[in-house]
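Nothing fancy with the numbering, it's 1 onward along the sequence.
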Amino acid sequence: AAQDLEGGLPQLATNAALQQVGRETAAAFPDSAALRRDLGEVFRRGHQYFPDFRAPLTVTYISGFLNKDIYVNDSLLVLSLDWFAGPKASKRPDLPQYMLRRYTPAGLLPTLAQNVSSKYNRHELTANTMLDAMVHAGKSLYFASQMLPCTPDSLLMGYTKREMIGLEANEGKVWGHFLEKNLLYSTTPFALQKYVGERPNVPEIDKTCPGRVGQWVGLQIVRKYVAEHPDMTLGRLMAEKDAQRMLNE
């Protein structure tokens, strides 16, 4: 069970700014019972799909942005809630705006679910193509969508609604770019960073195309693969290491 929000906040230092962040974080997460319920639902679905999954002891605290946003292993989950206090907070993580958009109260559970996916998301260490990176990220996003079935893609991806509408309307153009430029089998780290990594946008496709678009394309590949295999369990999907086979099928 998740520890009470109030109990999870450690004794704050006499630093007035940190105390203010603590108050703002508590205001951003006013209902600790609701947070416990939401976490409980994620853990319940995790156990439903992966019988070996056990709900970790969960602790929330104010990190002052000195530690990770989320730390999770088999037995412990630590949520640095100040990371997710949102745009009204007086202090925020030292990140560019296009990344900060994901750090809101609503972004907490999607970020957590993608963190949890890493335990199950198998990946060949020698598989280093653009396609491998896209599908690996797509599996993580798909896992999160199964843990949080009511969460829209805009929230899963950290995109604005406008970016999401533009992507969905231009999916063919985006996919065509990867094919025309022979990007799927590129192993150049710079190319992978441009399309799969953090960027404000991908002007190589269009100035309105959001960063990490390769992750979104990977999610579409995974969804189509699952649609073509109705008996596919989440466990089998996450264990599948062959991105090329998933694309072929």
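- Around CG of Asp52, the count of heavy atoms belonging to other residues, nucleotides or ligands within 6.0 Å exceeds 12.
- Side chains of Thr129 and Asp132: a donor on one and an acceptor on the other come within 3.5 Å.
- Between the side chain of Gln193 and the backbone N or O of Glu198, at least one donor-acceptor pair lies under 3.5 Å.
- Atom SG of Cys150 sits about 9.0 Å away from atom CG of Leu148, to the nearest 0.5 Å.
- Aromatic ring pairs are classed by plane angle as parallel below 30°, tilted from 30° to 60° and perpendicular above 60°; the pair Phe53 and Tyr120 is tilted.
- Of the possible polar contacts, one joining the Tyr159 side chain to the Gly211 backbone as a donor-acceptor pair under 3.5 Å is found.
- In this structure, NZ in Lys139 is found 9.0 Å from NZ in Lys241, a value given to the nearest 0.5 Å.
- Between the Gln114 side chain and the Ala144 main chain, no donor and acceptor come within less than 3.5 Å of each other.
- Here the side chain of Asp69 pairs no donor or acceptor atom with the backbone of Leu79 at under 3.5 angstrom.
- A salt bridge links Arg101 with Glu163: at least one charged nitrogen is closer than 4.0 Å to a carboxylate oxygen.
- Remark: Glu41 does not engage Arg37 in a salt bridge, criterion side-chain N to carboxylate O under 4.0 Å.
- Nearest heavy-atom pair, Gly235 versus Phe50, reported as atom, atom and distance to 0.1 Å: CA-CE2, 3.6 Å.
- We find that Lys91 and Asp82 are not joined by a salt bridge, their nearest charged nitrogen and carboxylate oxygen being 4.0 Å or further apart.
- For Arg44, the CZ atom counts as densely surrounded, since its 6.0 Å shell holds more than 12 non-hydrogen atoms of other residues, nucleotides or ligands.
- Taking the six-membered ring where the residue is Trp, the centroids of His229 and Tyr225 are separated by under 6.0 Å.
- Heavy-atom minimum distance, Pro51 versus Arg54: O-NH1, 2.7 Å.
- Formation of a donor-acceptor pair under 3.5 Å by the Arg122 side chain with backbone atoms of Lys119 is found in this model.
- Of the inter-residue distances, the one linking Tyr185 atom OH with Leu131 atom CG reads 5.5 Å to the nearest 0.5 angstrom.
- A salt bridge links Asp153 with Arg223: at least one charged nitrogen is closer than 4.0 Å to a carboxylate oxygen.
- Applying the side chain to side chain contact (heavy atoms under 4.5 Å, CB included) rule to Asp206 yields the partners Lys173, Thr208, Cys209; only residues at least two apart in sequence or on another chain are considered.
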**Prompt:** Please walk me through it: do Gln220 and Tyr142 pass side-chain hydrogen bond (donor to acceptor under 3.5 Å, both in side chains)?
**Reply:** CA-CA 9 Å; Gln220 309 318 308; Tyr142 185 82; over 6 Å; no
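- Glu124 places no side-chain N or O within donor-acceptor distance of the main-chain N or O of Thr126, the cut-off being under 3.5 Å.
- The main-chain N or O of Leu183 is never found under 3.5 Å from a side-chain atom of Ser186 such that the two would form a donor-acceptor pair.
- Distance alone, capped at 3.5 Å, places no donor-acceptor pair between the Asn67 side chain and the Ser63 backbone.
- In this structure, Phe178 has its ring center closer than 6.0 angstrom to the ring center of Tyr195.
- A salt bridge links Glu204 with Lys194: at least one charged nitrogen is closer than 4.0 Å to a carboxylate oxygen.
- A side-chain donor-acceptor contact under 3.5 Å links Thr58 to the backbone of Pro56.
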